[in-house]
Amino acid sequence: MPELPEVEVVRAGLAPAVTGATVLGVTVFDERALTRHPGSALDFEAALTGRRIRASVRRGKFLWLPLEPEDPADPAEHAVVGHLGMSGQLLLRTPGAAPERHERVRLDLAHPVHGEVAVVFADQRTFGSLAIDELVPTPDAAPGGCGGEEASIPRQVAHIARDPLDPAFSDARFRTALVRKDSAIKRVLLDQTVISGVGNIYADESLWAARIHPETPARALSTRAVNRLLGEVRHVLDKALAEGGTSFDAQYVNVNGQAGYFAHSLNAYGRTGEPCPRCGRPIVRVPFTNRSSHFCAHCQRRRSLG
DNA sequence: AAATGACCCTGGCCGC
DNA sequence: TGCGGCCAGGGTCATT
């Protein structure tokens with residue numbers, strides 16, 4: 001569910017509450033939320049309790065909270081890594097607040113200025129997860145993601161490409177990668193090792209805006225078309241972020257439980273049978289990798305190689 | 001070696 | 001009202 005704009009709303013919402021805060025206690029209600037954590041739930045609780053959080057950082061759809069070193073002599077640094085999967089939420093609640101529906105993990109924090117707060121990880125479908133992972137240097141020495149200055153990234157996120165809103169994202173490298181891909185452009189947009197942060201909603205929206213058929217072979221796109229697509233990807237992500245993200249139901253909400261408004265601005269995604277805002281012909285829905293693509297078959301002409 | 005598909009899980013909605 | 005089938009914002013892993 002949550003794609004870059006939704007995760008960024010959550011990251012930015014967490015930042016003032018968790019930066020500089022100390023973990024007073026950790027409660028794991030469901031170990032399935034820790035599938036990406038290398039140790040046990042007990043280990044997770046023990047490793048986190050008493051630690052101080054330095055920041056709230058995001059790359060693509062992953063976010064992490066770097067921790068102050070426990071032992072200044074130990075060079076290894078760690079972070080709490082979070083991924084919301086399809087239905088994960090990170091909520092800020094008052095201490096002792098009643099359990100949320102589908103609450104999986106709770107962190108009780110003490111902030112030097114704002115006092116105590118509970119960070120609740122709730123997740124209906126349990127595809128999301130929290131973990132403690134080691135931070136490793138970024139190969140390009142640029143900051144690991146949005147919200148942090150450090151040139152480091154959790155080991156389990158290192159294979160994720162930079163996202164298109166990251167100043168260190170390379171348009172040229174993206175174009176080079178496309179030429180070498182023997183896949184449809186939509187598949188490549190969803191490949192987080194090529195470009196991160198784009199999911200099914202914003203892939204469909206970007207392709208609609210750029211008038212590109214989702215099944216166009218990636219290497220059939222001209223440099224000009226790729227540039228146009230990247231521009232539309234950035235535009236739709238920026239616009240969605242400004243509107244607080246896309247909420248279809250109660251699943252995606254910000255840290256205060258509020259929905260975003262971008263669902264009203266969708267042109268293609270989820271609008272099967274409704275008129276294309278550009279030409280009036282119906283938006284079609286086509287099965288795609290256990291999901292769906294939504295597009296205008298008139299505005300987004302299928303092209304082939306050559 | 002890269003590119004697909006199955007799978008993890010819960011719940012809402014639709015048609016019968 | 002009940003129940004089966006289908007669908008949903010994602011990532012990983014096995015298989016070709």
Side-chain angles (χ1 to χ4, degrees), chain A residues 1-10 29-38 58-64 81-90 100-104 121-131 133 154-161 163 176-206 214-215 217-219 233 236-237 240-241 243-254 259-266 268-273 285-294:
Chain A
M1 110 177 244
E3 305 180 32
L4 188 155
E6 293 77 30
V7 181
E8 174 56 20
V9 166
V10 170
F29 298 100
D30 190 332
E31 296 209 24
R32 292 177 300 175
L34 302 179
T35 47
R36 295 176 69 100
H37 180 67
R58 178 196 56 76
R59 175 187 291 197
K61 305 171 195 171
F62 283 83
L63 57 82
W64 64 94
V81 185
H83 194 288
L84 301 178
M86 294 280 265
S87 56
Q89 307 173 333
L90 282 165
E100 292 292 323
R101 188 157 163 73
H102 306 302
E103 180 164 341
R104 311 295 183 193
F121 179 66
D123 186 10
Q124 176 198 103
R125 292 173 68 184
T126 71
F127 292 167
S129 64
L130 298 182
D133 195 11
R155 194 182 292 284
Q156 60 184 250
V157 188
H159 67 294
I160 299 295
D163 63 64
T176 305
L178 287 203
V179 174
R180 294 176 184 164
K181 282 285 175 186
D182 191 22
S183 300
I185 183 58
K186 173 153 174 183
R187 183 174 284 280
V188 180
L189 279 179
L190 296 180
D191 183 343
Q192 305 295 301
T193 67
V194 176
I195 180 172
S196 70
V198 179
N200 211 32
I201 298 177
Y202 300 113
D204 282 358
E205 290 301 302
S206 304
E215 287 163 27
R219 57 177 206 265
V233 167
V236 73
L237 293 178
L241 179 55
E243 296 185 25
T246 301
S247 305
F248 298 123
D249 52 30
Q251 291 312 318
Y252 165 68
V253 290
N254 67 13
Y261 292 98
F262 194 71
H264 304 289
S265 304
L266 296 175
Y269 185 87
R271 298 191 66 248
T272 311
R285 172 178 160 274
V286 171
F288 167 84
T289 324
N290 280 347
R291 292 201 177 80
S292 302
S293 288
H294 310 76

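Naming: A, B, ... by sequence-line order, numbering from 1 per chain. Fair warning: this is a prediction, and the values are worked out from it, not measured in the lab.
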Subject >> Rounded distance in Å between the P positions of C:dC13 and B:dC9 >> reply: 15 Å

Subject >> Residue pair A:Asp123 / A:His102, side-chain donor-acceptor N/O under 3.5 Å >> reply: no

**OP:** Could you tell me the separation between the CG atom of A:Asp163 and the P atom of C:dG11, rounded to a whole number of Å?
**Re:** 12 Å

Original post:
Is the phosphate of B:dA2, meaning OP1 or OP2, less than 4.0 Å from a side-chain N or O of A:Lys181?
Top reply: no

**OP:** Just do the side chain to side chain contact (heavy atoms under 4.5 Å, CB included) check on A:Phe62 and A:Gln192 with the steps written out, would you?
**Re:** CA-CA 11 Å; A:Phe62 283 83; A:Gln192 305 295 301; over 6 Å; no

Original post:
Looking across every strand, which nucleic acid part, if any, lies under 4.0 Å from A:Phe248 by heavy atom: base, sugar-phosphate, or nothing?
Top reply: base

**OP:** Mind checking A:Thr35 for me? I need base, sugar-phosphate or nothing, with any heavy atom below 4.0 Å counting as a touch.
**Re:** nothing

Original post:
Starting at CD of A:Gln156 and ending at P of C:dG11, how long is that distance when rounded to a whole Å?
Top reply: 13 Å

Subject >> Base partner of B:dC9, which must satisfy Watson-Crick or wobble distances under 3.5 Å >> reply: none

Subject >> Distance in angstrom units between A:Met86 CE and C:dC7 C1', rounded >> reply: 9 Å

Original post:
Do A:Phe262 and A:Tyr269 have ring centres separated by under 6.0 Å?
Top reply: no

**OP:** Look at A:Lys61 together with A:Asp163 and state whether they make a salt bridge at an N to O cut-off of under 4.0 Å.
**Re:** no

Original post:
Roughly how many Å is it from CD1 in A:Ile185 to C1' in B:dA3, rounded to a whole number?
Top reply: 15 Å

**OP:** Return no unless some side-chain N or O of A:His159 is found under 4.0 Å from OP1 or OP2 of C:dT12.
**Re:** yes

**OP:** Check whether any side-chain N or O of A:Arg180 sits under 4.0 Å from OP1 or OP2 of B:dA2, and answer yes or no.
**Re:** no

Original post:
Any Lys/Arg nitrogen of A:Asp133 or A:Arg36 sitting under 4.0 Å from an Asp/Glu carboxylate oxygen of the other?
Top reply: no

Subject >> Sequence-aligned protein contact record of nucleotides 5-12 of chain B, with B where the base is within under 4.0 Å of a protein heavy atom and S where only the sugar-phosphate is >> reply: -BBBBBS-

Subject >> Criterion side chain to side chain contact (heavy atoms under 4.5 Å, CB included) on A:His83 and A:Val7, from CA distance to verdict >> reply: CA-CA 9 Å; A:His83 194 288; A:Val7 181; over 6 Å; no

Original post:
Cut-off 3.5 Å, side chains only: do A:Tyr202 and A:Thr246 have a donor facing an acceptor?
Top reply: yes

Original post:
Could you give the NZ-to-P distance, from A:Lys186 to B:dT4, as a whole number of Å?
Top reply: 14 Å

**OP:** Starting from C1' on B:dA2, measure out to CG on A:Leu178 and report it in whole angstrom.
**Re:** 15 Å

**OP:** Starting from P on C:dA8, measure out to CD on A:Glu3 and report it in whole angstrom.
**Re:** 13 Å

